[in-house]
Amino acid sequence: MAKRVYNFNAGPATLPVPVLERAKDEMLDWENTGMSVMEVSHRSKEYDAMHHEAMSLVKELMGWPDGYKVLWLQGGASTQFLMVPQNLSVPGKPMEYVNTGAWSKKAIKEAKLFGEVKVVASSEDKNFSYIPKDVSFSEDAAFAHITGNNTIFGTEWHYDPKVPSDVPLVVDMSSNLMDKVIDVKRIALLYAGVQKNLGPAGVTLAVIREDLLPKAPEKAPTMLKYSTHAAEDSLFNTPPCWAIYMCKLVLEYMKEKGGVPYFERINREKAKLLYDAIENSGGFYKGHADPDSRSLMNVTFKLPTEDLEKQIVDEAKKTGMVGLKGHRSVGGMRASIYNAMSMDGVKHLVEFLKDFQAKNQ
Ligand SMILES: *Cc1c(COP(=O)(O)O)cnc(C)c1O
């Protein structure tokens, strides 16, 4: 057995071991082609079947109804920051965003290249430690945009903002894709770089309501129109075959385990265990996020001093846990406990935190 660490990295992130093992087994001869999935033609029948199966698994696991298209895109979620306004901006109508952190800001910056942006709510006043309450978007918005989970700050939306029925809601779900069951019918366009909660880096998942497809302006570059990719089932050009294949293996693994409801249950248990440990530390560990805005995926917290924060990350590494250093804009620690992080990993971390506190308080 290979020696595996508990990997708390924010992204690219840990993947399920059975998935990695299957990929290893199929590396040299995939589907009796005598080739790896990286070497076959993306026009072959074997590839085509896998590619479409991965799409239908996304639909099935998330419960997308008819009338939505699943897309495999490239350029990361960062390219979606510009593709969204490129496709959905409407002259004379504001694009409305909620600013809940670094990724929201980047999305807002790109949207400004395409027209008027209105930031309808922000949590910047308290270093993005909460999700603004009672958010609502206006009737005349071209679209409404939220960041479902704020990877850096460790906050997540746990309620649905008010969106007028004919305003499309766009959600960046890069770091909370399939972490819990959601009412997908409220969403007009979802996008996610998959390297946090679904697969390796290299592919971006988007799911778009079909009535939005014709909205892109004629002049938009071909590759940057959702309609281009939708019309060709994301085979307009060479797709990132390997990354899509890995997503398919993860989706199959998720389905076998019991789908999103299973992962939601485990994710809530894992998050509770960790947040309780932070809360019960008598102030030694201090959570960054307000309790009602806490992320199920990225748990951010601080220690009494920066020296201790450095020391704890080093010591964690010695006990087989990596990726715990917080992002510089928050400091402290960040434990990313995505779907593929086991309960054992979180228990190991919690025991370690107690032990570290006892020795260093
Ligand atoms: C990581 C991340 C991104 C950026 O994704 P890339 O695929 O690296 O472009 C965007 N939004 C959120 C919420 C993220 O966590």
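Whatever order the structure lists ligands and atoms in, that order sets their numbers, starting from 1.
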>> G193 versus ligand 1: do any nitrogen or oxygen atoms come within less than 3.5 Å of each other?
In response: no

> Closer than 4.0 angstrom: is that true for some heavy atom of Q195 and an atom of ligand 1?
Replying inline: yes

>> Run the ring pair (Phe, Tyr, Trp, His ring centres under 6.0 Å) test against H158 and tell me which residues pass, sequence neighbours left out.
In response: none

> Which heavy atom of the protein is the closest neighbour of atom 5 (O) of ligand 1, given with residue, atom name and distance?
Replying inline: A77 CB, 3.4 Å

> Relative to each other, are the rings of F263 and Y253 parallel, tilted or perpendicular (30° and 60° limits)?
Replying inline: tilted

> Looking at CD of Q195 and CG of N9, how far apart are the two atoms once the value is rounded to the nearest 0.5 Å?
Replying inline: 12.0 Å

> Would the Y97 and H145 ring centres measure less than 6.0 Å apart?
Replying inline: yes

>> Any heavy atom of N150 closer to ligand 1 than 4.0 angstrom?
In response: no

> Going by the atom numbers of ligand 1, which of them fall below 4.0 Å from some non-hydrogen atom of N149?
Replying inline: 13 (C)

> For atom 11 (N) of ligand 1, what's the nearest protein heavy atom and its distance?
Replying inline: D172 OD2, 2.6 Å

> Hey, is Y191 touching ligand 1 through its side chain, its backbone, both or neither, going by heavy atoms under 4.0 Å?
Replying inline: neither

> Any donor-acceptor pair under 3.5 Å linking the side chain of Y159 with the backbone of D134?
Replying inline: yes

> Hey, does T147 come in under 3.5 Å of ligand 1, counting only N/O atoms on both sides?
Replying inline: no

>> Could you work out, with ring pair (Phe, Tyr, Trp, His ring centres under 6.0 Å) as the rule, every residue matching F137, not counting sequence neighbours?
In response: none

> Where's the contact between K106 and ligand 1, heavy-atom distance under 4.0 Å: side chain, backbone, both or neither?
Replying inline: neither

